[in-house]
Amino acid sequence: MSPDSHDPANGGAPLNPCGGCSGPEALAAPARGMQSSGHAPLDDILSRCEGLYFDYDHEAVAEWKRKHPTGAAVGYLPVYVPREVFHAAGVLPVGVLGAGEQLEIVRGDACFQSYICHLPRSVVELGASGRLDVLDGMVFPSTCDVIRNLSGIWQIMFPEKLTRYLDVPQTTDPRVGQQFFRQVISDLFRDLCKLTGRKPEECDISGSIRLYAENRRVIEELNALRKTSPWTVPGSEAYLVLRAAMVLPVEDHTQLVRDYLQAAQDAGRKPQDHARVSLCGVFCEQPPLGMLRTIERSGCAIVDDDSMQLLRWLPTDLEGGEDPIDALAQAWCLDISESASRFVPDGTCKGAGFVKTVQESGADGVVFAAPSFCDPALLDRPMLVDACEAAGINSTSFQYAENSGQMQPIREQTGTFADSIKLWSDE
Amino acid sequence: MTAEDKQETGSVREPSMLRQKEMTQGHYERLAQAKESGQKVVYTFVPGNLTELLLAFDVLPVLPEINALQSGMRKRSAKYIAEAERQGHSEDVCTYVKCDIGMLLEGNVGPTGEPLPEPDLLLLSYTGCFTFLKWFELLRERYNCPVAMLHVPYQSQGEIEPGMVEYVVEQIQTEVIPKLEEITGRKYDEDRVRELLGLSAQAEDDLVAVLESAKNKPSPIDSYFGGVYYIGPLFTAFRGTQDAVEYYAQLRRETEERIARGLGPITPVGTMQEERFRLVVEGPPNWTHFHQFWSMFHEQGAVVVASTYTKVGGLYERGFRHDPSRPLQTLAEYCLGCYTNLSLPARVDMISDYVRDYEADGFLINSVKSCNSFSAGQLVMLREVEERCGQPGAFIETDLVDPRYFSASNVKNRIESYFQMLEQRRSVQTGTKQATPSEKVAPS
Ligand code: SF4
Ligand code: SF4
């Protein structure tokens, strides 16, 4: 049995599972001009995605496990894990990206000093409060020192569960990195198969690779529409739809994106004269939904962002071939997408890839929003700002935490930025 | 004190200290003359560095972390950090990076007062810290020079796993050596590397003897505040040199002499007279107020008998030695084995072992704001070690080189409260006093 053979998980969770509200901004209605058309499918899709977003108790995952008694569910932290081998092993990969703005943090704060970013504390809170009990293990990719050390905390907190650190290669020689990563992925795959009792040699990894490639193709369509017609696919909506990939089986998510695309295009939303911005720095600790909506409400259309990077990495036409694990390892090592968590090899100007992405997205400017105390994002920022300046792209910068509640300063800053973009373009 | 050089300041200088000073001065002089002498310069980091390989190519290593800590000690770091922040760096990130960038922006003047030479190569062996990646991406922008990348896998399961050594060796062969050959115009000379590795192992034997001397009572050394001086040559540009061999042999002789004479450690104000508390310390020191910080310990008769910071450049006391018979493998194993490349549970084991093996009265964590690599998870480590050892620990917060994060009164209060608590526990254990509720020295 694979994670595909079941009915779509229904999201299930109430809109506000904590019973409280983090403030007017966080759950405010969609931004001006982006109200729902009243078109039932779109409303249904978005409310399902929002249900999954606030599903801190992972009800959707529990539901999947009830329907798949021999399956297992394993969590992963940002940024990159090869979800294909989870799927092939009969394991539902579950993205654990923190707990956003609504979960009260008690035990998590007791584990981290004030100068560590917020993500690990909410992940610990989720674990310590039993909200991740439904998971049979966790995988911690080599994104930064915090996630690396969190893998050790997890070993201490949950000695009976599978805890794996995923060393993603940083080598500049793809051949050397590929060989190493092949071993790393194989070891992970073996461990995942143990959870479900599957024989590794009998698993169809190539089939899983094809499913994820298909998922990337529909996401590419969504992102393309977002760029050409941001009023049809507002950034905050796209975020919710993509975020659902963290808990849905890949087949369901592919269908969800298709449904959303259809519904969004049917909705007949009117074009808007918003400043087009690319949002950068949100690849790990997630921006609160309220922050995305605030940016939109201030007059910006978020036509691109670096959240959910996982969903974009690797080619859309990837095939498994004779050695599918090797194909995955190779695809990763040959991928040249820029990210704060990846070293930019010699010969490539740091920021050049980012500038190209911004230009291709048609954005008029960049909003750099980094989580507080995030070394990868914050140390990247001056280099990316320089690259943008050299390319004549304007930007604005601020910091956030996943539980930031006070949005007024951000609204003012991005509002001013939007105005200035329009002014430049008028000139 | 026939072998000691009593200085007018009241501080005591043993011959090994003077030797180290000369070695360091000589190195900076060679760096200052690198352009004229034609010697190539490679910037690299302390943990998991490949000094023997660099020296075999006759290049001069520069360690930006050492520049940063020296700027901290010389009270220049505040200015450098401010400069980096003016250039757009966040207040939230590692201050070593900002201090180095600020120093660069202000002319890259080294401790001798002369500018440090620009790198011909950045050797990015980023053992145990992801910030190193960003650091050299930033430096590459400024210097426009090549980077040799060496990805060292993490010991997440508490041991070196199959394939890791081979992976590192392969990168040394395909990335590091070719780039060194390119910048120097020399061929890789394995015999020369073997020779240097043999010298490393000799010095490592002596360093281990010195660090383990702290098992004596009284301890003849302070393994943290003194320790950072002892590790200097071996962790930086001198591993694999005859200078280092002689330095460590001398240091060992001096230490043995102190043991024979029942002397405590040397502090900036002379030999510590009474050993009242034996501590294990986790985390790097603060450099901007290093002597003031140290005085908070030695004034109370507290000596650090073991520290984890002195293991960031190798876990020699756990048996590792550079092995000349397997040159590249041994370098790979060295990179993989540095302290910050260990999993959190392995770090907890190590601290707990130290508390037991060195018969410590307690342990203290100095959590530095700068360093996610060290600091993320230290509160969990505190609780784990307390549980394992049955001893309360102390937790203080400072920074490496940003003076804004060193509050002397706050740190002093916490340390003094901790010593009082240790004193009370001791009294209770010896039955001379009534038990009092233990006071936890909690983070702010
Ligand atoms: S937000 Fe930044 S520092 Fe925190 S876990 Fe993510 S990448 Fe690491
Ligand atoms: S984060 Fe820590 S280990 Fe890394 S460069 Fe900064 S001080 Fe050094």
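Keep in mind the model is a prediction, meaning the values are calculated, not measured. Order of the sequence lines sets the chain letters (A, B, ...), proteins ahead of strands, with each chain counted from 1.
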*Looking at A/R164, A/Q155, A/Q170, which one has more heavy-atom pairs under 4.5 Å with chain B than the rest?*
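Between A/R164, A/Q155, A/Q170, the count favours A/Q170.
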_Choice from A/C374, A/S397, A/A340 maximising heavy atom contacts with chain B below 4.5 Å_ =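 Most heavy-atom pairs within the cutoff with chain B belong to A/A340.
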_Check against salt bridge (charged side-chain N to carboxylate O under 4.0 Å, His left out), A/K350 and A/D386_ = CA-CA 10 Å; A/K350 174 84 187 179; A/D386 284 352; over 6 Å; no
Heavy-atom distances under 4.5 Å only: say whether [X] touches chain B with side chain, backbone, both or neither.
| X | value |
| --- | --- |
| A/S372 | both |
| A/D380 | both |
| A/A110 | both |
| A/P345 | backbone |
| A/V385 | neither |

Using only non-hydrogen atoms and a strict under-4.5 angstrom cutoff, which residues of [range] touch chain A?
| range | value |
| --- | --- |
| residues 40-50 of chain B | none |
| residues 158-173 of chain B | B/Y167, B/E170, B/Q171 |
| residues 127-136 of chain B | B/G128, B/C129, B/F130, B/T131, B/L133, B/K134 |

*Heavy atoms only, distances under 4.5 angstrom: which of B/S343, B/G88, B/S370, B/G377 has the most pairs with chain A? Name it, please.*
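Of B/S343, B/G88, B/S370, B/G377, B/G377 has the most heavy-atom pairs under 4.5 Å with chain A.
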*With sequence neighbours excluded, give me every salt bridge (Lys or Arg N to Asp or Glu O under 4.0 Å) pair touching residues 328-338 of chain A.*
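Matches after skipping sequence neighbours: A/D335-A/R342.
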*Is there a side-chain contact between B/R404 and B/I81 (heavy atoms, below 4.5 Å)?*
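In short, these two side chains touch, coming nearer than 4.5 Å.
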For [X], is it the side chain, the backbone, both or neither that has a heavy atom under 4.5 Å from a heavy atom of chain A?
| X | value |
| --- | --- |
| B/E91 | neither |
| B/T174 | side chain |
| B/L124 | side chain |
| B/E175 | side chain |

